[in-house]
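Some notes on the structure that comes next.
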Amino acid sequence: MILEIKKYPDEVLRQKSHPIDTITDEIKELASNMAETMYNAPGYGIAAPQVGVSKRLLVVDDSLGSDPARLMKIVNPVIVESSGELFEEEGCLSIPGEYELVKRFSNVTVQYTDIDGKECLIEVEGLLSRIFQHEIDHLDGHLFIDDITMLQRDRIKKSIKNRIKVGDYNVTETD
Ligand code: NI
C-alpha cells in the first residue's frame, strides 16, 4: 500500500522517533508499505516519520528499485563510525522540488537490526552513506535544510511559502 508522505512543515517530521523493541508483523507491514511508497515516489530512502510514524525504521535502496537485492529494511540504526567529507546536492521527499548542497561524511559505519531481527553492521560510502545519514537524521527530527546556510534555507522557505499560496505544495498540518 502506498502511504501518504508528510510534507514540511508537518510537525511529525520534527519529533524524535522511538526505538523499536519488537519487530512485530505490524512493523514488517509498515516497512513493506514504506518500500512501496519509496519506489512510487521515487526516492532512495524513506524514514517512518515521513509517513507519520515516530518509530526508528527506514527503508533504503540506492538502485531506486532496479535491483531488488539492494532494498534494505533497517530497524534502530546508529552511526558508530564516520569519516571523510562529501558535498553534494540533496533533496527530500518531504520537501519536494527543493535541492541544496549539503555537507556529509563520505564513509559511515551503521549498526542496526534487520527486519528479521538479525544484528548487522554495515560500512557504506558515497551515495549510500549520504542516504543513511539523511534518513537517520529524519529519526531525530532533523531535516537537510537544517544543515545548509541561512541564505539557502531562506530561499527554500520562501519558495515553499509561494508554492503553498498557489496551491502547488500541499501540507496537512503546519507548525
Ligand atoms: Ni528526507
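All ligand and atom numbering here is 1-based and tracks the order in the structure. In this chain, residues are counted from 1 in sequence order.
At a cut-off of 3.5 Å, with distance as the only test, a side-chain donor of T149 or Q152 sits close to an acceptor on the other residue.
Annotation: side chain of F144 is in contact with side chain of R104 (closest heavy-atom distance under 4.5 Å).
When each of I46, V51, I5 is paired with M38, the side chain to side chain contact (heavy atoms under 4.5 Å, CB included) condition holds for I46 and for no other.
The backbone N or O of A47 lies less than 3.5 Å from a partner atom in the side chain of Q50, making a donor-acceptor pair.
Applying the salt bridge (Lys or Arg N to Asp or Glu O under 4.0 Å) definition to pairs two or more places apart or across chains, those involving residues 33-61 are R56-D140.
By the 6.0 Å contact criterion, CZ on F105 is open, its count of non-hydrogen atoms from other residues, nucleotides or ligands being 12 or less.
Distances under 2.8 Å from the Ni ion (ligand 1) pick out the protein N/O/S atoms C92 SG, H134 NE2, H138 NE2.
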